[in-house]
Amino acid sequence: MPESGPSTPGHIPTERPKATEQAPETPGTGTASGTGTGTPAAARRAGLLVTLVLGGLTALPPLSMDMYLPALPEVTQALHAPAATVQLTLTACLAGMALGQLVVGPMSDRWGRRRPLLIGMLVYIAATAVCALAPSPELLIAFRLLQGLAGAAGIVIARAVVRDLYDGVEMARFFSTLMLISGVAPIIAPLIGAQILRVTDWRGVFHALTVVGVLLTLVVWKWLGETLPPARRHGGGVGEALRTMRGLLADRVFSGYMLAGGLAFAALFAYISASPFVVQEIYGASPQTFSLLFGINSVGLVAVGQINGKLLVGRVSMDKALGFGLAVITVASAALLLMTSGVFGEVGLVPVAAGLFVLMSAMGLAMPNTNAQALMRTPHAAGSASALLGTSSFLIGAVASPLVGIAGEATAVPMAVVQLACALGAVACFLGLCRPWRQRRPDRQPRPA
């Protein structure tokens with residue numbers, strides 16, 4: 001009998017028995033394997049609850065970023081800071097999420113998923129509450145960094161839990177399902193932020209995020225059980241964690257997917273960071289119009305992610321879907337550069353918004369497939385692998401963020417240049433390191449260092 005230990009009262013245990021670790025699981029039921037739920041209906045309910053919890057954890061970062069976006073111009077006025085300085089609040093949050101994952105990922109491989117997650121959520125709540133009271137841009141930047149460090153727990157552990165429970169095609173499908181759930185966040189977050197700005201100032205956005213953090217922490221405490229049994233945990237310290245990460249980075253194919261996904265995310269974040277100024281300052285749209293356009297773009301990302309998970313996975317190789325997505329991102333970025341640099345003359349908001357919509361939608365092919373392909377190679381260290389995937393994405397995104405405002409608020413050319421450079425870099429990493437034209441055995445995985 002597998003060792004699973006007693007479950008905490010009120011929690012749904014989500015450990016997968018060792019006897020079934022190599023067997024494919026039915027979608028939505030992996031969380032109930034061997035838990036004694038007894039019936040297929042109970043297994044589906046358990047799977048749905050865990051899906052919703054993981055979706056909430058992956059939705060927290062876009063909530064933290066996107067509810068704040070319509071307020072960026074107001075923050076520059078309220079704190080008497082230039083746009084480039086205020087954009088550093090986004091950079092600080094991203095850098096915190098990147099660095100935090102390097103710490104939390106190995107911690108979750110050693111102590112399990114649940115304890116580090118709850119500690120991170122509590123720190124997130126405290127940091128977000130202080131952001132609402134920040135009297136200066138410097139203090140806001142500092143606590144946005146802490147907010148990102150703590151929020152990293154949800155990002156990295158959610159991916160590790162998926163790797164604990166699923167494998168192969170089912171893992172790719174589950175990532176697409178998470179994209180559907182977490183994709184609702186960027187759709188509604190700017191809309192919520194814009195409505196909050198109707199009744200209060202930018203500080204109200206952080207008050208709302210504090211409430212969201214409290215509610216999500218309570219949900220995690222009640223409904224998310226432990227998915228990593230003690231027998232599968234790593235007992236080593238920092239040295240072993242570093243050796244594990246070094247072994248992962250030495251795997252050329254894993255590094256290729258990691259860098260391709262990170263650069264694609266940077267192209268996405270260049271849009272996230274610059275779009276409030278591009279849409280509102282350059283093209284004169286209202287915060288509500290910006291929120292509507294942002295929501296439409298997010299719908300495109302979610303829709304393509306669902307097409308990937310429901311129709312393409314299992315029928316088309318993940319490498320082909322990923323390659324097509326990266327190609328579309330590159331073409332859309334090139335078109336945006338041509339439009340914003342005046343090659344087509346004076347263009348209005350509609351053509352630029354269309355280019356951004358295509359770019360955002362193609363992310364629905366790039367992001368779930370890079371994650372799934374990389375994590376399939378790392379069953380022995382899902383937390384560390386998830387940390388490296390997240391850290392690379394957020395660090396590259398943090399570097400891209402200030403570059404989009406380097407020429408001021410009157411031009412969108414830097415945004416398009418950054419997007420095109422990142423897209424070309426992602427294609428180069430995918431082709432040069434992953435070499436998708438070479439057939440790889442599905443069971444060929446890097447060995448632990």
So, [X] side chain and [Y] main chain: donor-acceptor pair closer than 3.5 Å or not?
{"X": "T370", "Y": "M367", "answer": "yes"}
{"X": "R114", "Y": "G225", "answer": "no"}
{"X": "T85", "Y": "A81", "answer": "no"}
{"X": "S255", "Y": "L249", "answer": "yes"}
{"X": "T289", "Y": "A285", "answer": "no"}
{"X": "N369", "Y": "A321", "answer": "no"}
{"X": "R113", "Y": "S108", "answer": "yes"}

(request) Please name the residue in the list I329, V304, V302, V328 that meets the side chain to side chain contact (heavy atoms under 4.5 Å, CB included) test with M363. (result) I329
Atom pair [atom1]/[atom2] of [X] and [Y] - distance to nearest 0.5 Å:
{"X": "L102", "Y": "M245", "atom1": "CG", "atom2": "CE", "result": "5.0 Å"}
{"X": "L301", "Y": "S361", "atom1": "CG", "atom2": "OG", "result": "7.0 Å"}
{"X": "E226", "Y": "W111", "atom1": "CD", "atom2": "CH2", "result": "13.5 Å"}
{"X": "C93", "Y": "I141", "atom1": "SG", "atom2": "CD1", "result": "12.0 Å"}
{"X": "M107", "Y": "R115", "atom1": "CE", "atom2": "CZ", "result": "8.5 Å"}
{"X": "L118", "Y": "W221", "atom1": "CG", "atom2": "CH2", "result": "9.5 Å"}

I need the minimum non-hydrogen distance between [X] and [Y], along with the two atoms involved.
{"X": "A152", "Y": "G96", "answer": "CB-O, 4.4 Å"}
{"X": "G213", "Y": "Y124", "answer": "CA-CE2, 4.2 Å"}
{"X": "P70", "Y": "P73", "answer": "O-CD, 3.7 Å"}
{"X": "L293", "Y": "A353", "answer": "CD2-CB, 4.4 Å"}
{"X": "F254", "Y": "R377", "answer": "N-NE, 4.0 Å"}
{"X": "W202", "Y": "A134", "answer": "CH2-O, 3.9 Å"}

Taking side chain as C-beta onward, heavy atoms only, is [X] less than 4.5 Å from [Y]?
{"X": "V162", "Y": "N371", "answer": "no"}
{"X": "T391", "Y": "L99", "answer": "no"}
{"X": "L420", "Y": "T330", "answer": "yes"}
{"X": "L424", "Y": "Q419", "answer": "no"}
{"X": "T58", "Y": "I155", "answer": "no"}
{"X": "L117", "Y": "M121", "answer": "yes"}
{"X": "L209", "Y": "L60", "answer": "no"}
{"X": "L365", "Y": "L312", "answer": "yes"}

(request) With side chain to side chain contact (heavy atoms under 4.5 Å, CB included) as the test, would you mind laying out the steps for C429 and L263 before giving the verdict? (result) CA-CA 9 Å; C429 290; L263 287 164; 4.0 Å; yes
(request) Measure up the F269 and F265 rings against each other and bin them: parallel (under 30°), tilted (30 to 60°), perpendicular (over 60°). (result) parallel
(message) Testing the 3.5 Å rule here: is there a donor-acceptor pair between the side chains of T128 and Q147?
(response) yes
(message) Any donor-acceptor pair under 3.5 Å linking the side-chain atoms of Y271 with those of N297?
(response) yes
(request) Decide whether a cation-pi geometry holds between R144 and Y68; the criteria are a distance under 6.0 Å from NZ or CZ to the six-membered ring centre and an angle within 45° of the ring axis. (result) yes
(request) Please test S136 against L79 for side chain to side chain contact (heavy atoms under 4.5 Å, CB included), starting from the C-alpha separation and ending with a verdict. (result) CA-CA 6 Å; S136 67; L79 298 182; 5.8 Å; no
(message) Other residues, nucleotides and ligands only: do more than 12 of their heavy atoms fall within 6.0 Å of OH on Y283?
(response) yes
(message) Does I157 form a side chain to side chain contact (heavy atoms under 4.5 Å, CB included) with L57? I'd like the steps, not just the answer.
(response) CA-CA 9 Å; I157 290 177; L57 291 172; 5.6 Å; no
(request) Go through Q101 and R159 one step at a time and tell me if the side chain to side chain contact (heavy atoms under 4.5 Å, CB included) criterion holds. (result) CA-CA 11 Å; Q101 291 182 71; R159 272 197 304 264; 2.8 Å; yes
